[in-house]
Amino acid sequence: MPADQPYWQKLRKSVEKIAIDYNYQRIDLPILEFTELFERGTGESTDIVDKEMFKFKTRGKEDVCLRPEGTPSVVRAYLQHGMRSWPKPVKLSYSGPMYRYDRPQEGRYREFFQFGFEAIGEQDAILDAQMIQMAMQIFRKLKIKNVSLHLNSIGCNECRPSYNKLLISYLNNRKKSLCMDCKRRLKTNPLRVLDCKEEKCTQVVSQAPQTVDHLCDDCKSHFTSLLEYLDEIEIPYSLRPQLVRGLDYYTKTVFEFFAKDDEGAQAALGGGGRYDYLVEKLGGPNTPAVGFACGMDRLINVMKKNDINPYYPPKPKIYLAQLGDTAKKKSLKIFEELEKSGIMVAESFGRGNLRTQLSQANKLKAEIVLIIGQREALDGTVILKDMNSGGQETMPFNKTIKEVKKRLKKNAEMAKKLALQQAKKKDKQRKKSGNRKKKK
Ligand code: HAM
């Protein structure tokens, strides 16, 4: 809604700035994709694919769905549009609506917005660290403080199978104490039992073998490097052995960001990790990759709760008023001329009454009103009314733009001077009252 737009503007601007500064190119992904992309990419046993996709058949009997996330689409585009030949890593960023059929509640919507970053083609842990660094920079730009980073490594195809065996045998021995979903997960996706939020499952899981203790040498040194990079850039982290994330494609690094107040609640601000097999799974060559995405709606909820100033676009300081049919006809052209020369103008063209228009200008705190009546319209002049002094003068239209700019500049300088004087006055008063207190 319009009232929320300043927050969205601020968020979008911050994300765009980080994307430019870190050399991530924008990509726009289709909202509609073949269902198979997510079945193969995100994983059939995940909640997202199993329970939450908005899917349907087209008239041509194709299975399509509204995208529940962006990562598989980015990889599809990477393979389909020849990005394999680009210099590596291929760095891409995106944002837009995603769709998941879940029970709507605060921070969990069926249509929600994400921005995401993906780097394809590099296995070095420095990229994992850069992802985390970028997310933290965005939080910092938004003045969202106290974001905690939860971190884990869940291994690769080398070490995961033996860990899975260990986990399955541990969980099988405690099967009775697991929830229905986890009994099923035990067969389809045992790792997911680790991050079940059901109390009885969390109790079982708290003593379960941990992925980090069963990593192969490659995964271990990758994780150690990541921790060293994070130490170097002074980003604190909290190691979470139960963090596995709800999507199937992750290998090695997985991470999530939480606003500190909401810890414990199921409201991560964002999450991501490495997905070294996804490109291959979707038909490409063996290509490592890493990325993350954040929930924009959730970030905005946090900004609002913390009274963070959104972005307010500049407001027009000029108001264009017109009187009579001839003037009204000219006003569109005059508006265009002013806009082209970089002057922002407010108007209410539908209104013919000058008093109404002037009171509107007052409400909008316009500094100058340009009035065109019948006579002005005929002889190419404009009445320039200064709203501060109340004075007005008639001048040829071709001189107005220069004059308006001159006056706006003068007003801005005056306002700056006044603000400086007031700040000095306040400072003096503060010092005075400080001295008085000392004397006492
Ligand atoms: P995800 O954890 O499923 O990861 O979603 C990322 C973020 O989207 C979540 O942390 C949350 O803030 C937001 N989000 C998810 N579902 C909802 C919802 N129903 N309502 C509001 N916000 C929601 C992914 O989507 C991966 N593609 C991230 C990634 C990119 N991994 C590697 N690259």
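In what follows, every heavy atom counts, from backbone to side chain, and hydrogens, waters and symmetry copies are set aside. Both ligands and their constituent atoms are indexed starting at 1 by order of listing.
Heavy-atom contacts from other residues, nucleotides or ligands closer than 6.0 Å to OH of Y22 number more than 12.
Counting heavy atoms closer than 4.0 Å to ligand 1, residue L269 contributes backbone atoms (N, CA, C, O) but none from C-beta onward. With a 4.0 Å cut-off on non-hydrogen atoms, R110 does not touch ligand 1 at all.
Figure legend: cation-pi geometry between R174 and Y170, with NZ or CZ positioned under 6.0 Å from the six-membered ring centre and within 45° of its axis.
Close approach to Q114 involves these atoms of ligand 1, each under 4.0 Å from a residue heavy atom: 5 (O), 6 (C), 7 (C), 8 (O), 24 (C), 25 (O). Short contacts between ligand 1 and G270, defined as distances under 4.0 Å to a heavy atom of the residue, involve ligand atoms 10 (O), 12 (O). Interface atoms of ligand 1 facing A293, defined by a heavy-atom separation under 4.0 Å, are 6 (C), 7 (C), 28 (C), 29 (C), 30 (C). Atoms of ligand 1 found under 4.0 Å from any heavy atom of G271, numbered from 1 in the order shown, are 10 (O), 28 (C), 29 (C). Of all atoms in ligand 1, numbered sequentially from 1 with element shown, those under 4.0 Å from a heavy atom of F292 are 29 (C), 30 (C), 32 (C), 33 (N). Taking a cut-off of under 4.0 Å to the non-hydrogen atoms of G272, the atoms of ligand 1 that pass are 31 (N).
Judged purely by distance below 3.5 Å, without hydrogens or angles, the side chains of T71 and E118 pair a donor atom with an acceptor atom. E69 and T42 share a side-chain donor-acceptor pair at under 3.5 Å.
Of the protein's non-hydrogen atoms, A268 O, 2.7 Å is the one closest to atom 12 (O) of ligand 1. Here the protein heavy atom with the shortest distance to atom 1 (P) of ligand 1 is R245 NH2, 3.5 Å. The protein heavy atom nearest to atom 14 (N) of ligand 1 is F112 CE1, 3.5 Å. Nearest non-hydrogen protein atom to atom 13 (C) of ligand 1 is G295 CA, 3.5 Å. In terms of protein heavy atoms, atom 33 (N) of ligand 1 is closest to E118 OE1, 2.8 Å. Among protein heavy atoms, the minimum distance from atom 27 (N) of ligand 1 is reached at E69 OE1, 2.5 Å. Protein heavy atom in closest approach to atom 20 (N) of ligand 1: Y109 N, 2.9 Å. Scanning all protein heavy atoms for the shortest distance to atom 31 (N) of ligand 1 gives Y250 OH, 2.6 Å.
By the 4.5 Å heavy-atom criterion applied to side chains, P68 and I48 are counted as neighbours. Contact of the Q133 side chain with the Y229 side chain is not registered, since no non-hydrogen atoms from C-beta on lie closer than 4.5 Å.
The stretch residues 66-105 participates, sequence neighbours left out, in these ring pair (Phe, Tyr, Trp, His ring centres under 6.0 Å) pairs: F54-Y101.
Residue-ligand proximity: G107 is placed with a non-hydrogen atom under 4.0 Å from ligand 1. Not a single heavy atom of F257 lies less than 4.0 angstrom from ligand 1.
The aromatic ring centroids of H150 and Y237 lie 6.0 Å or more from each other.
Closest heavy-atom contact between I154 and L243: CG2-O, 3.8 Å.
Looking at T35, its side chain does come within 3.5 Å of a backbone N or O of V64 through a donor-acceptor pair.
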